[in-house]
Amino acid sequence: HEYQPTLMHTKLVLVDDQWAFVGSPNMDSRSLELNDEIALAVSDAALMRDLAASFAADLRVSRQVTLAELARA
């Protein structure tokens, strides 16, 4: 999905309604070894609900990118 209002660099991973990983690093060697980026891992039920609701709201203003579109690029 592409977030339409603007560029969003934040990464969010929600795991089984129990863990969240929020931050800016990409999962590549440059981000992990060279860039000054930060991430937070949390396990908090109230925060998980808020993050899931925020993610759902972001999806409503995002455009789905299809594999066919990527193949044409």
Side-chain angles (χ1 to χ4, degrees):
H1 288 81
E2 288 182 344
Y3 184 68
Q4 294 300 295
T6 186
L7 173 71
M8 183 184 293
H9 186 68
T10 302
K11 281 66 171 189
L12 171 65
V13 178
L14 301 173
V15 181
D16 297 333
D17 295 325
Q18 294 184 7
W19 286 95
F21 174 85
V22 184
S24 61
N26 296 315
M27 292 298 143
D28 63 3
S29 60
R30 179 172 186 85
S31 286
L32 297 174
E33 296 172 14
L34 299 174
N35 294 345
D36 291 328
E37 301 197 51
I38 192 164
L40 174 69
V42 295
S43 177
D44 178 87
L47 181 58
M48 295 298 296
R49 285 189 299 276
D50 290 346
L51 289 171
S54 178
F55 182 71
D58 290 342
L59 279 180
R60 287 192 289 275
V61 292
S62 299
R63 182 183 74 81
Q64 186 173 6
V65 178
T66 67
L67 185 56
E69 286 179 84
L70 294 175
R72 289 191 299 269

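For CG of Asp17, the number of neighbouring non-hydrogen atoms (other residues, nucleotides, ligands) closer than 6.0 Å is 12 at most. By the neighbour-count criterion of 12 heavy atoms within 6.0 Å, atom CG of Leu34 is densely surrounded, having more than that number from other residues, nucleotides or ligands. Environment of CZ in Phe21: crowded, with over 12 heavy atoms of neighbouring residues, nucleotides or ligands closer than 6.0 Å.
Nearest heavy-atom pair, His1 versus Ser62, reported as atom, atom and distance to 0.1 Å: CB-CB, 4.0 Å. Across every non-hydrogen atom of Trp19 and Met48, the tightest pair is O-CE, 3.1 Å. Residues Ala20 and Leu51 come closest through the heavy atom pair CB-CD1, 3.6 Å.
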- Message: Using side chain to side chain contact (heavy atoms under 4.5 Å, CB included), reason through Val42 and Val22 one step at a time and then give a plain yes or no.
- Response: CA-CA 8 Å; Val42 295; Val22 184; 5.6 Å; no
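A salt bridge links Glu69 to Arg63: at least one charged side-chain nitrogen sits closer than 4.0 Å to a carboxylate oxygen.
By the rule that hydrophobic residues join a cluster once side-chain heavy atoms approach within less than 4.5 Å of another member, Leu59 and Leu14 end up as members of one cluster. Residues Leu40 and Phe55 are members of one and the same hydrophobic cluster, defined by side-chain heavy-atom contacts under 4.5 angstrom among Ile, Leu, Val, Met, Phe, Trp and Tyr. Under a hydrophobic clustering in which Ile, Leu, Val, Met, Phe, Trp and Tyr are joined whenever their side-chain heavy atoms come within less than 4.5 Å, directly or via other members, Leu12 and Leu47 fall into the same cluster.
The CG atom of Asp44 lies 8.5 Å from the CG atom of Asp50; values are rounded to the nearest 0.5 Å.
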